[in-house]
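Presented below is the structure to which this report refers.
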Amino acid sequence: QVQLAESGGGLVQAGGSLRLSCAVSGRTFSSFAMGWFRQAPGKEREFVAIISRSGGSTWYADSVKGRFTISRDTGKNTVWLQMASLETEETAVYYCAARSRLGVTTADVGYGYWGQGAQVTVSS
């Protein structure tokens, strides 16, 4: 079965950087569009970034544009989220998600496979 495993979360000071990784197994990695979402305490899960199957197209939430970068490597079956200039409000559990249907979407319901989540805590 398809499995997604995030790593790289942790505690970082405001203004700092962190890189999340998501390793995918159980199915051909290139068949998935990949996304990162996050859920802060007391809030709904929200879209952060998406990358197409080929890696040639990316989309970002307005709040992270210019600071976050999503990338993927088919040979490593891995997608990353490089985060810079982190803000305390970005403390959340970050989830990796995979979409097997054609096209892309920023809606979390469009993703059928999810990782367990990685806690990112940004301190002031």
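For the single chain, residues carry numbers from 1 onward in sequence order.
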Working note: Val24 + Met34, criterion side chain to side chain contact (heavy atoms under 4.5 Å, CB included); need CA distance, chi angles, decisive distance, verdict.
CA-CA 10 Å; Val24 180; Met34 299 298 300; 3.8 Å; yes
query: Could you walk me through whether Trp114 and Phe37 pass the ring pair (Phe, Tyr, Trp, His ring centres under 6.0 Å) check?
result: CA-CA 10 Å; Trp114 292 83; Phe37 294 78; 5.2 Å; yes
Check the pair Gln1 / Arg27 against side chain to side chain contact (heavy atoms under 4.5 Å, CB included), numbers first and verdict last.
CA-CA 7 Å; Gln1 75 249 30; Arg27 191 163 161 183; over 6 Å; no
| request: Determine, stepwise, if the pair Ser21 / Trp80 fulfils side chain to side chain donor-acceptor pair (under 3.5 Å). | output: CA-CA 4 Å; Ser21 300; Trp80 296 274; 3.3 Å; yes
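Minimum interatomic distance between Glu90 and Ser85 (heavy atoms only, all atoms of both residues): OE1-O, 4.2 Å. In this structure, Gln82 and Ser17 approach most closely via the heavy-atom pair NE2-CB, 4.1 Å. When all heavy atoms are compared, the tightest approach of Ile51 to Trp59 is C-CZ3, 4.4 Å. Of all heavy-atom pairs spanning Tyr94 and Leu81, the tightest one is CD2-CD2, 4.2 Å. Contact between Leu4 and Val2 at its shortest, heavy atoms only, is CD1-CG1, 3.6 Å. Across all non-hydrogen atoms, the minimal contact from Thr78 to Lys76 is OG1-O, 2.7 Å.
The only option from Ile70, Leu20, Val64 that meets the side-chain contact (heavy atoms from CB on, under 4.5 Å) definition with Val48 turns out to be Val64.
In the hydrophobic clustering of this structure, Val79 does not group with Val104; members are Ile, Leu, Val, Met, Phe, Trp, Tyr whose side-chain heavy atoms approach within less than 4.5 Å, directly or through other members. Connection of Trp36 to Phe47 is not established within any shared hydrophobic cluster, with ILVMFWY side chains joined at heavy-atom distances below 4.5 Å, either directly or through further cluster members.
Relative to the ring axis of Phe32, Arg53 does not place its NZ or CZ within 45° and under 6.0 Å from the centre. Taking the ring centre of Tyr95 as origin, the terminal cationic atom of Arg38 falls outside the region bounded by 6.0 Å and 45° from the ring axis.
Looking at Arg72, its side chain does come within 3.5 Å of a backbone N or O of Phe29 through a donor-acceptor pair. Thr121 places no side-chain N or O within 3.5 Å of a backbone atom of Leu11 that could act as its donor or acceptor partner. Using a distance-only test at 3.5 Å, with no hydrogens or angles considered, no donor-acceptor pair links the side chain of Thr28 to the main chain of Ser30. In this structure, the side chain of Thr91 engages the main chain of Val122 through a donor-acceptor pair within 3.5 Å. Without hydrogens or angle criteria, Gln116 side chain to Glu6 main chain gives a donor-acceptor distance under 3.5 Å.
Note that the SG atom of Cys96 and the OH atom of Tyr113 stand 13.5 Å from one another [nearest 0.5 Å]. With values rounded to the nearest 0.5 angstrom, Leu86 atom CG is found 6.5 Å from Arg67 atom CZ. Remark: Thr58 OG1 to Ile50 CD1 distance equals 10.0 Å, nearest 0.5 Å.
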